[in-house]
There are 2 protein chains.
Amino acid sequence: MINLYKDEDKALVAVDCIIFGFDNENLKILLIKRDFEPERGKWSLMGGFLKKSETLDEAADRVLRHLTGLNNVYLEQLRGYSKVDRDPVERTLSLAYYALINISDHTEINEEYSAKWFNIDEAPSLIFDHQEMVRYAISRLRYRAQTKPIGFELLPQKFTMKQLQSLYEAILGEKLDKRNFINKINGLDILLKLDEKDMNSSRKGSYLYTFDELKYRAKVSDGFTFKL
Amino acid sequence: MINLYKDEDKALVAVDCIIFGFDNENLKILLIKRDFEPERGKWSLMGGFLKKSETLDEAADRVLRHLTGLNNVYLEQLRGYSKVDRDPVERTLSLAYYALINISDHTEINEEYSAKWFNIDEAPSLIFDHQEMVRYAISRLRYRAQTKPIGFELLPQKFTMKQLQSLYEAILGEKLDKRNFINKINGLDILLKLDEKDMNSSRKGSYLYTFDELKYRAKVSDGFTFKL
DNA sequence: CTTTGAAAGTGTAAAATTCACATTTATTAA
DNA sequence: TTAATAAATGTGAATTTTACACTTTCAAAG
């Protein structure tokens with residue numbers, strides 16, 4: 001078969017990852033300090049180029065694994081960015097992804113990169129259109145977290161109600177009422193209350209919960225939809 | 001500056017458009033019958049390749065203008081599709097867009113393509129991953145139509161409440177209660193009720209409305225958010 | 001061993017929103 | 001004048017959301 005596409009322009013394609021974490025207080029993003037041109041020394045998202053033999057999801061996965069060593073991370077594609085001169089070196093398309101990782105379990109970041117966690121509202125300015133990507137990522141995360149039980153990706157497997165509430169407050173950027181929050185979460189009936197308590201936060205101790213994924217899936221296939 | 005990216009793989013990048021229309025009864029998509037290889041004779045979305053000098057939005061716009069002659073059409077990027085062999089000819093990335101056009105005003109489709117409107121639930125099967133793109137487009141449209149007043153893009157400038165309700169029913173795929181719908185729409189206070197009536201649908205005639213964009217914008221900047 | 005401090009845990013009533021639902025009005029064609 | 005057809009209109013019940021404050025637990029301090 002002759003190649004009908006041979007006269008078309010090709011482009012470099014990159015993926016850039018907005019990596020979210022949560023430290024029990026603030027929503028954070030992981031940024032790297034570029035030690036290569038262009039824009040050496042500036043802060044940016046972690047990214048990489050798409051290879052011929054992989055999908056975008058695989059590329060994002062690879063980039064993430066390379067930086068954090070983590071596999072099976074929650075990743076969602078956001079959208080493509082395509083300003084003609086967004087990268088000064090060469091015409092490069094970028095597809096933004098966001099990732100949710102559990103900081104507490106995983107502190108080992110590849111030292112090859114000078115990576116650092118920043119509160120989302122204290123992050124430095126970023127190269128290219130990365131700022132715009134972050135804004136979009138936050139808005140998507142806000143939406144998604146109210147629609148799908150993805151918040152748990154940011155928490156340790158066992159967590160307290162307080163942690164869960166603080167997480168949602170950080171994601172939504174607003175304070176929530178404790179009793180209403182707990183009532184709503186319990187109403188969803190997708191958490192498992194453990195016998196175990198976390199004794200760090202108070203003398204009384206607070207119960208630990210886990211997300212009951214199996215129960216959630218069963219409920220979903222019965223027509224249930226998560227809605228915070 | 002030496003080109004640091006020169007060893008990276010490049011890819012063809014396409015845009016594919018899900019073009020929605022509404023005929024006062026059903027939500028429709030405009031498909032073309034391919035008269036070129038690969039998959040000649042099969043139905044597909046209208047698409048085209050991204051050129052070096054344009055953004056994705058511009059490419060989608062160009063593709064759309066070429067097919068329909070329309071400018072300033074509502075277009076929203078959906079996401080990238082990147083299965084390695086999604087196009088059998090060559091590795092091609094595609095960015096899906098959806099467009100909302102007002103069928104009644106514009107019937108002139110470029111005859112160069114054999115294009116045809118299909119009800120969304122009666123569309124033929126499509127080439128490549130276009131089917132998947134359509135599904136995603138519908139779900140995004142459903143969400144967006146409840147969040148932003150984009151429905152009006154699919155209607156003539158002057159429309160009846162009945163038309164508006166039928167449109168939302170078609171988008172959401174469910175019947176709505178007439179009185180509740182009207183009460184909700186009127187509650188938003190973003191329509192202008194005209195003195196004019198549409199006398200085609202009944203002896204009594206039904207009032208025509210227009211979307212009052214200025215009022216809507218003013219309300220938005222006062223903190224209002226459209227929510228159906 | 002009693003007191004104190006600090007966070008955890010718990011329920012209800014008011015307000016707002018959503019939902020279900022049926023009759024009257026206007027017009028023209030018969 | 002009557003009949004037929006779609007347009008227009010409001011209310012009460014049910015549900016959901018919101019606001020709100022006191023009691024419990026336990027270890028550390030005295």
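Every chain is numbered from 1 and lettered A, B, ... according to where its sequence line falls, protein lines coming before strand lines.
A:Y207 has its OH atom 10 Å from the C1' atom of D:dT25, to the nearest Å. In this structure, CE of A:M161 is placed 12 Å from C1' of C:dT10, rounded to the nearest angstrom. Following rounding to the nearest Å, A:L208 (CG) and C:dA8 (P) show an atom-to-atom distance of 12 Å. Taking atom CG of residue B:L228 and atom C1' of nucleotide C:dC19, one finds them 14 Å apart after rounding to whole Å.
Taking the side chain of A:R203 as heavy atoms from C-beta on, and the options D:dT5, D:dC26, D:dA6, the nearest nucleotide is D:dC26.
The backbone N or O of A:N180 sits less than 3.5 Å from a side-chain atom of A:D177, completing a donor-acceptor pair. Although no hydrogens or angles enter the test, the distance criterion places no donor-acceptor pair under 3.5 Å between the side chain of A:S206 and the main chain of A:T160.
The cationic group of A:K197 lies under 6.0 Å from the six-membered ring centre of A:Y207 and within 45° of the ring axis, placing it in a cation-pi geometry.
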Which atom pairs link the protein and nucleotides 23-25 of chain C when you take only N or O atoms and keep those under 3.5 Å?
{"from": "C:dT25", "atom 1": "O2", "to": "B:K204", "atom 2": "NZ", "distance (Å)": "3.1"}

N/O donor to acceptor pairs below 3.5 angstrom from side-chain atoms of residues 132-140 of chain B, sequence neighbours left out:
{"from": "B:Y136", "atom 1": "OH", "to": "B:R140", "atom 2": "NH2", "distance (Å)": "3.2"}
{"from": "B:S139", "atom 1": "OG", "to": "B:Y136", "atom 2": "O", "distance (Å)": "3.0"}
{"from": "B:R140", "atom 1": "NH1", "to": "B:E76", "atom 2": "OE2", "distance (Å)": "2.7"}
{"from": "B:R140", "atom 1": "NH1", "to": "B:Q77", "atom 2": "O", "distance (Å)": "3.3"}
{"from": "B:R140", "atom 1": "NH2", "to": "B:L78", "atom 2": "O", "distance (Å)": "3.3"}

Which donor-acceptor pairs under 3.5 Å do the side chains of residues 151-158 of chain B make with protein atoms, sequence neighbours left out?
{"from": "B:K158", "atom 1": "NZ", "to": "B:E196", "atom 2": "OE1", "distance (Å)": "2.8"}
{"from": "B:K158", "atom 1": "NZ", "to": "B:E196", "atom 2": "OE2", "distance (Å)": "3.3"}

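Aromatic ring centroids of B:F128 and B:Y81 lie 6.0 Å or more apart.
With sequence neighbours left out, the salt bridge (charged side-chain N to carboxylate O under 4.0 Å, His left out) criterion links B:D212 to no other residue. Partners of B:R217 under the salt bridge (charged side-chain N to carboxylate O under 4.0 Å, His left out) rule, at least two apart in sequence or in another chain, are B:E213.
Taking a 4.0 Å limit (strictly below) on heavy-atom distances, residues 169-199 of chain B reaches DNA chain C at B:D177, B:R179, B:N180.
Residue B:S206 places none of its side-chain N or O atoms closer than 4.0 Å to OP1 or OP2 of D:dA8.
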